[in-house]
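Here's the structure, in structure tokens; my notes come after.
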Amino acid sequence: MAKAAIDVPPKGGFSFDLCRRNEMLLQKGVQPPSFRKTGTTIVGLVFQDGVILGADTRATEGPIVCDKNCEKIHYMAPNIYCCGAGTAADTEAVTDMVSSQLQLHRYATGRESRVITALTLLKSHLFSYQGHVSAALVLGGVDVTGPHLHTIYPHGSTDTLPFATMGSGSLAAMAMFESKYREGLTRDEGIKLVCEAICAGIFNDLGSGSNVDVCVITKGNREYLRNHQLPNPRTYVSSKGYSFVKGHTEVLSTKIAHLQLEEVEGDAMEE
Amino acid sequence: MNSFASKEGPGTIQIDSERTLYPYVTGTSVVAIKYKDGILMAADMGGSYGSTLRYKSVERIKPIGKHSLLGASGEISDFQEILRNLDELILYDNMWDDGNSLGPKEVYNYLNRMMYNRRNKFDPLWNSLILGGVKNGEKYLGTVSMIGVHYMDNHVATGFGNHLARPILRDEWREDLTFEEGVKLLEKCMLVLLYRDRSAINKFQVAKITEEGVTVSEPYSLKTFWGFSAFQNPTKGAEGSW
């Protein structure tokens, strides 16, 4: 009997051990399981008092909309939020993980978390997985050094920008930003512009849809405006409602069978 | 274009050296809108050879006959071939000397048939075309792609323009735009394309066609803004980052 040596993948980084088997399976015609993607529009912009993040709320599984109202703006720290595009599991897991790491760091240092801390933790994790963790993120927050907005790509590169868009609807949203953004926007102008950009993604991109979520982060305060805009209401609702009165369906025949009940002695269930 | 590889009839596949497999010198997006008096069309003047910007004075919008404007993106040599074919078409029409002239609807249909037939022979003309015109007070604006997909609308764009310019146009286009408003709207779209399309250059032509006739503007450039404070020192909060 051969003793199978269990290969423990090296700590950190992607283990490529199963790639040859997967290729062989693909050639044999095995369909890989489809994953839930957030074909998405996510945006962020810096305004005069802080950062505003925006996202649509549609999650897709291939051509099907699997969640009409999902949450794409994830909590990282009281002063830092992160929008995620790409594979939903990846964005959830990676933002959850870094959020916990940030909290432990806050306990250790006794200070408010900084946005670049979250940035470095996210980018080093994504880089070590060489792009296989398919998470494209827009990270924004306000810390002691001021307001910051960053984009993080699945392979681990980052950008620091005054306004950013990611996801399949990013071109439509970027068209809105490039034509209308200026420095020093007020809070209301900023929210309006973010909503316009997300709506451009919702109405011009098939992977984005449903509602607009907005998150406004300023020094010492954040407002999570879930479903700030609902531009896709249900238009046709039957005013009469649905009622199925007895007699609506024609009964063709009736047969009643009585249950045979048998009493049996038994022990009580073990606690 | 004739096949000498086999003596069969119309169903012959051309040998590879005689059909377009990939484009070489390409033009990027064209954007066009209907406005109060007619059609406005804008395109930049770049001809890229792969990732090199080889030609910087390519006119990608041309008048066709008296009533139409043709803008094209994609392979420039195929655009020149299309212009040659349309020249012949207009010439033969003029030779009738019957006081009637081919309008935008007719030219659009001709282009449509031409593109679709070439696609069926697996030898496409590698272009996305925009045809706009005015005849007898009726405005006409349509687009034909290299596989023959065609439709008409109040605003059309090719290539990247579909992703970057059409969301803006869907939001801000109105039926009764004046000439100045129309040009401003087109310039807004072209500026976004200049910022975000790598093959776009800052040298544009805007063409206008109305019942009176065609005007193609002189080449000009748009003002760009790069002064965002986040661009001045992006790593201010994180020394050593990028």
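Both backbone and side-chain heavy atoms feed into the values below; hydrogens, waters and symmetry mates do not.
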How are the rings of A/Y181 and B/F228 set to each other: parallel, tilted or perpendicular (split at 30° and 60°)?
tilted
Atom SG in A/C199, atom CZ in B/R170: separation rounded to 0.5 Å?
14.0 Å
[X], part contacting chain A, at a heavy-atom distance under 4.5 Å:
| X | result |
| --- | --- |
| B/E187 | neither |
| B/L191 | neither |
| B/F225 | neither |

Using side-chain heavy atoms (C-beta onward) and a distance below 4.5 Å, is A/F203 in contact with B/D171?
no
Is any side-chain heavy atom of A/T160 closer than 4.5 Å to a side-chain heavy atom of B/F231?
no
Atom [atom1] of residue position [X] - does it have more than 12 heavy atoms of other residues, nucleotides or ligands inside 6.0 Å?
| X | atom1 | result |
| --- | --- | --- |
| B/K105 | NZ | no |
| B/H155 | NE2 | yes |
| B/E211 | CD | yes |
| B/R174 | CZ | yes |
| A/F127 | CZ | no |
| B/Y22 | OH | no |
| B/L83 | CG | yes |

For [X] and [Y], work out which heavy atoms get closest and say how close.
| X | Y | value |
| --- | --- | --- |
| A/S179 | B/I168 | OG-CD1, 4.1 Å |
| B/Y195 | A/E178 | CD1-OE1, 3.2 Å |
| B/L164 | A/L171 | CD2-O, 3.3 Å |

